[in-house]
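Have a look at the structure below, then the notes.
Residue numbers begin at 1 in each chain, while the letters A, B, ... track the order of the sequences.
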There are 2 protein chains.
Amino acid sequence: MRYTIKSRIWIEADGHILLGEGRISLLKAIGQTGSLSKAAKSLNMSYKKAWSLIDAVNARAKTPVITTSIGGKGGGGAELTDYGKSLINAFETINKNCWKFLDKQIAETQL
Amino acid sequence: MRYTIKSRIWIEADGHILLGEGRISLLKAIGQTGSLSKAAKSLNMSYKKAWSLIDAVNARAKTPVITTSIGGKGGGGAELTDYGKSLINAFETINKNCWKFLDKQIAETQL
DNA sequence: AGTCGTTATATTTACAAAGATATAACGCTT
DNA sequence: AAGCGTTATATCTTTGTAAATATAACGACT
């Protein structure tokens, strides 16, 4: 039996959480579906929770990560801003690097 | 305003959590106090919770991390095994390295 | 004008995790 | 043998978080 090492990372702004794994997958789902409600459904998350998460992210980010519209064709929608996309990319890159780093660390240790 | 990046790591054995930051600080408190109940008190944690945590760790670790005695001088007590000490050391080293690594990663990114 | 699917928000309900409480067993010490 | 402080464990209560429910506003389209 071997030990494995796991991690969760998150980005903070001003002492408050900005982005973690859950918010990242929500943002990605919004990018794919073009809608906050569809994104929530695809993640088996309530609309309210999804909305609250996005609201918190927009409040802390230097620039909003999504834009929304109410009414009109399809009832409205949401889409990622360029800044949102770059945040996703940065987060995922760092996260993968972190996993690799930790795997190396645990391999160098014998317990 | 700058973004900061934070992390939590934990060690798993057999798909179940073995050690995280909370359990590590409990183990350290046991090493310092020589008693599970004193350790719990020093961390403002109920005895029951502390005992459950330690029980879970001992169940998953390759070798017990503490030894306990009931009755006798002082009513009994608990102390770290050598294996427990080495687990603490390994965890804390890897954790610090992880923090440094992530700080470097976020510094290389502009968001 | 009415329908539709969406965003936005408040309020209530349910549940799981945490905490509090109680009790037994143990073996030095006095 | 009685007391003490500890480990070990079960049961009940609380509480904080998540989920469910309800409602309003909006604008394109038919």
Side-chain angles (χ1 to χ4, degrees), chain A residues 8 10 12 16-61 63-81 83-84, chain B residues 8 10 12 16-61 63-81 83-84:
Chain A
R8 297 199 77 119
W10 65 94
E12 288 190 3
H16 298 75
I17 185 169
L18 172 69
L19 275 181
E21 285 184 19
R23 297 177 187 202
I24 287 291
S25 34
L26 179 56
L27 287 181
K28 288 171 74 178
I30 291 171
Q32 283 161 11
T33 61
S35 147
L36 188 41
S37 69
K38 285 199 187 74
K41 204 165 296 180
S42 80
L43 296 176
N44 278 89
M45 179 188 297
S46 71
Y47 174 83
K48 176 187 156 51
K49 180 169 184 185
W51 181 84
S52 306
L53 288 173
I54 293 301
D55 191 50
V57 175
N58 275 335
R60 296 286 169 193
T63 295
V65 293
I66 70 170
T67 55
T68 61
S69 63
I70 306 179
K73 178 186 174 186
E79 62 178 354
L80 287 175
T81 62
Y83 187 62
Chain B
R8 296 201 78 121
W10 65 94
E12 288 190 2
H16 297 76
I17 185 169
L18 173 70
L19 276 180
E21 284 184 21
R23 297 177 187 202
I24 286 290
S25 35
L26 178 57
L27 286 180
K28 288 171 75 177
I30 291 171
Q32 282 161 12
T33 61
S35 146
L36 189 41
S37 68
K38 286 200 187 74
K41 204 165 296 178
S42 80
L43 297 176
N44 278 88
M45 179 188 298
S46 72
Y47 173 84
K48 174 187 157 56
K49 180 169 183 184
W51 182 85
S52 305
L53 288 174
I54 294 299
D55 192 51
V57 176
N58 275 335
R60 296 284 170 195
T63 296
V65 292
I66 70 169
T67 55
T68 61
S69 63
I70 307 178
K73 178 185 174 187
E79 63 179 353
L80 287 175
T81 61
Y83 187 63

* In residues 70-79 of chain A, which residues come under 4.0 Å of DNA chain D by heavy atom? -> A:Ile70, A:Gly71, A:Gly72, A:Lys73
* State the CD1-CG distance between A:Ile54 and A:Leu26, to the nearest 0.5 angstrom. => 4.0 Å
* Structure fact -> The complete set of salt bridge (charged side-chain N to carboxylate O under 4.0 Å, His left out) pairs with one or both residues in residues 25-38 of chain A, sequence neighbours excluded, reads A:Lys28-A:Glu92
* **Set of residues satisfying side-chain contact (heavy atoms from CB on, under 4.5 Å) with respect to A:Ser46, sequence neighbours excluded** => A:Lys48, A:Lys49
* Identify, residue by residue, the members of residues 31-59 of chain A with a heavy atom below 4.0 Å from DNA chain D, and return them in order of residue number, or none. => A:Lys48, A:Lys49
* Return the residues of residues 16-28 of chain B meeting this criterion: a heavy atom under 4.0 Å from some atom of DNA chain C. Order them by number, or give none. => none
* Boundaries of the DNA chain D segment in contact with chain A, non-hydrogen, under 4.0 Å -> D:dA19 to D:dA28
* **Partners passing side-chain contact (heavy atoms from CB on, under 4.5 Å) against A:Thr67 (at least two apart in sequence or in another chain)** => A:Glu79, A:Thr81
* With the side chain counted from C-beta on, respond yes when A:Val65 and A:Leu19 share a heavy-atom pair under 4.5 Å apart, and no when they do not. => no
* To do: Could you tell me whether the side chain of A:Leu53 reaches within less than 4.5 Å of the side chain of A:Met45, counting heavy atoms only?
  => yes
* Structure fact -> Contacts of B:Ile17 meeting side-chain contact (heavy atoms from CB on, under 4.5 Å) (sequence neighbours excluded), chain-then-number -> B:Trp10, B:Arg23
* Structure fact -> Across all chains, not counting sequence neighbours, the side chain to side chain donor-acceptor pair (under 3.5 Å) partners of A:Ser35 are A:Ser37
* **Any residue meeting side chain to side chain donor-acceptor pair (under 3.5 Å) with A:Tyr83, in chain and number order, not counting sequence neighbours** => B:Tyr3
* Can you name the residues that form a side-chain contact (heavy atoms from CB on, under 4.5 Å) with B:Asp55, not counting sequence neighbours? -> B:Trp51
